[in-house]
Amino acid sequence: MKSLLDCAKFQTHIMKSGLTPRIIDVNHLINMYSKHSVIKDVQKLFDEMPERNVFTWNAIINTYVKDKNFSIARKLFNAAPFKDYVTYNTMLSGYVNSEGFQDQAVQLFAEMQFVDKVSEYALTTMLGLVTELSLLSYGRQLHSYMLKTGNSLSRYALSSLIVMYSKCGCFRDACMVYDGSDVRFVDTVSKNTMVAACFREGELEMAQDVFSSRPQSNDEVSWNTMISGFAQNGYEEEAIQLFRRMMEEGFVWNEHSFSSVISACSGVKNLKLGKEIHVLILKEGMSLNPFLSSSLVNLYCKCGLLNYAHSVCTTTQKENPFAVTPLIVGYSETGNMLEARSLFDSLPDKNHVVWTAMISGYVKAHQREDAFQLFRELMTQKTTIPDELIFVNLLGACAIHATFNYGKQIHACILRTGTAMDAKLANSLVDMYSKSGNVTYAQRVFQLAVDIDSILYNSMIAGYALHGYENEAIQLFSQMIERDFQPDEVTFLALLSVCRHRGLVKMGEKFFFSMTKDYKISPGTDHYASMIDLYGRANQLEKAVSLMEKLPMEPDAVILGAFLNACKMNRNAELAKAAEYKLLQIEGGNGSRYAQLAGIYASEGKWNEMGRVMKMMREREAKKTAGCSWVYVGDTVHTFISGDRSHSDNDAIYTILGCLIKELPKLSSTIFLEEDLCIFC
DNA sequence: ATAGGGTTAG
């Protein structure tokens, strides 16, 4: 681009000639000043022109469009005495590329159809809009319009259509456009677009094939697309290899290459290469690039070098939410919520990613109240709309804390904000409701779900298991198989859990053997622990012992713990003692294990053994955390541990508890009091 | 002469 000085020289040259300047020369000047955003000079030139043509009008409108000053741009547009295709397209692309003006774009496009000013330019511009808004049906209409009017054949049309179909989730249509196109129109850009579309769909081989076809047409972007595609699909080593090959084959690395390869490095924690790239970035003077600084921050966070990450963040772009987000995540993971929050607060413009990171940080750090407080703040400010991930996180927090009321409110919020109910979100709701004691609500969410996957089936089966609904769980499993959803180890863990709690030994054995035989899933430690627990509860200690002997792996603490329980239920202190050594070797720091052992010996009257274990526990300073139950009443959590008499309403609570025990068939560890049962109100 | 297409971030 010519410099401002050149513009001024050109202008003096015109003026010195003493003649009335030609329109074409002034138009040229306008465009030059416009590129330098000196709008005042543009406006002055325009005002002083004795005569203007359509190029003049296009130039002035374009100046204000690029400045995002749509009120003036539109006034000029309306006032223009001549309008050609370019005039319309300039205005249209301005609307399309600015947030909040998309309605105007659609309106203008309709107007253009009316005055017969639709061109291939306008159509590809509109394709960009429907892609951004994910308006597939509108995109299809545009495609038909293009076919009908012969505007679907150029390289621009081709790439725009591929992007539109790919980003709107119709990979097959993208393929059809690409495969059905005339080779003369497939240029490097359309090819690159197709490669990117394949990666978006996870079709790595197809991406490779397209890339390798006519390799002489590949450019830097082609290579960068390949690197980022492999990195994003979890093939980090391949991405790194491609990065190296790219240079060997004579292509020059740029910001995109660096950004993608750093993210590959983060994925496999390749700190060495990451640091080398960092040096290159500094050498090339690219460290102010927000994409690069954010991926470097992310790399150092993933490798546990929070101080490096923090210094990259502060020395480059402090207010880049994409650099601050990984740091917030990093600090949250180490439990440093104060630092995380201060970074969050330092951002003047927060996108929904940052909000999600901060809220999920609180959830991970078990600061549930802070998470919900921040969520309330998010809901009161209107600029950011919570996305699915925030809801998944919050529902996870509700599930951990079994907070039915909060969970229900989040559910309502999801419905109110019109967030799409995909399998992940439905899964979180099912999990939250069943863990909060309301399996009926969980069931309703499950039944209403449209987007269903095997994980959702797992959650619902686990929900039934948690509440002892063995028939429903087993029935749902049959349905899952009938509908061709693949069960996995989690499915069988849920099924075994049902059998455990209902004492269904035969059924449990059936599932346990079937998982290997019919579904080729080898049982893990949790499955063995479940079986041992099942045998223990059914007073079949001999089967538990024989399974212990056949274990294909070293027993872990969960298996040994289950075995100890089996010993306890079957009053066999000898076998328990045999397991004691191994268990304390693995979990010598866990006080609960000593208490468990002591309990077994005590129940058999082996007081010496009990004393020995308790002494060991004291000597090793193993702490036991008390199991607790809790209820929410209003905004307050009331916590109870075994034999706890410290509550201010102690007497009332125990009186009612006595009545409840008589009436309820079984008591779960968490009791939810509906309003009419509430003893605190 | 002016307007439209591809690759980067949790």
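In what follows, every chain begins at residue 1, and chains take the letters A, B, ... in the order their sequences are listed.
Of the candidates dG5(B), dG10(B), dT7(B), the closest approach to any side-chain atom of S228(A) belongs to dT7(B). Comparing dA3(B), dA1(B), dG10(B) against the side chain of N62(A) picks out dA3(B) as the nearest. If you check dA1(B), dG4(B), dT8(B) against the side chain of S154(A), the one that comes closest is dG4(B). Distance from the side chain of Q232(A) is smallest for dT8(B) among the nucleotides dA3(B), dT8(B), dG5(B). The side chain of D187(A) has dG5(B) as its nearest neighbour among dA9(B), dG5(B), dG10(B). Comparing dA3(B), dG4(B), dG5(B) by their nearest atom to the side chain of V189(A) picks out dG5(B).
Distance alone, capped at 3.5 Å, is enough to place a donor-acceptor pair between the W253(A) side chain and the F243(A) backbone.
For the pair K117(A) and Y88(A), the cation does not sit on the ring face, since its NZ or CZ is not both under 6.0 Å from the ring centre and inside 45° of the axis. Y362(A) does not carry R368(A) over the face of its six-membered ring by the limits of under 6.0 Å from the centre and within 45° of the normal.
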Could you list the donor-acceptor pairs under 3.5 angstrom formed by side chains in residues 70-78 of chain A, with sequence neighbours left out?
| residue | atom | partner | partner atom | Å |
| --- | --- | --- | --- | --- |
| S71(A) | OG | N69(A) | OD1 | 3.3 |
| R74(A) | NE | N78(A) | OD1 | 3.2 |
| R74(A) | NH1 | Y95(A) | OH | 3.3 |
| N78(A) | ND2 | R74(A) | O | 3.4 |

Let me check something: any side-chain donor-acceptor pairs from residues 225-239 of chain A under 3.5 Å, sequence neighbours excluded? List them with distances.
| residue | atom | partner | partner atom | Å |
| --- | --- | --- | --- | --- |
| T225(A) | OG1 | V221(A) | O | 2.6 |
| N233(A) | ND2 | F199(A) | O | 3.3 |
| N233(A) | ND2 | G229(A) | O | 2.8 |

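Between Y331(A) and H310(A), the ring centre distance stays below 6.0 Å.
Remark: N27(A) is not in phosphate contact with dT2(B), judged by side-chain N or O atoms under 4.0 Å from OP1 or OP2. Contact between the side-chain N/O atoms of R155(A) and the OP1/OP2 oxygens of dG4(B) is not found at any separation under 4.0 Å.
Put simply, Y156(A) does not rest on the base of dG5(B): the two rings are not both less than 5.5 Å apart at their centres and under 30° in tilt. Look at F55(A) and the base of dA1(B); the rings stack, centres closer than 5.5 Å and planes less than 30° apart.
S263(A) comes within 4.0 angstrom of nothing in the nucleic acid, heavy atoms only. N53(A) comes within contact range of at least one nucleobase, with a heavy-atom separation under 4.0 Å. Looking at heavy-atom distances under 4.0 Å, K167(A) makes contact with sugar-phosphate atoms alone, never a base.
Taken residue by residue, residues 67-84 of chain A places no heavy atom nearer than 4.0 Å to DNA chain B.
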Quick one, D422(A) with K424(A), criterion salt bridge (Lys or Arg N to Asp or Glu O under 4.0 Å). Give me CA distance, side-chain angles, the key distance, then yes/no.
CA-CA 6 Å; D422(A) 66 357; K424(A) 264 190 203 150; 5.8 Å; no
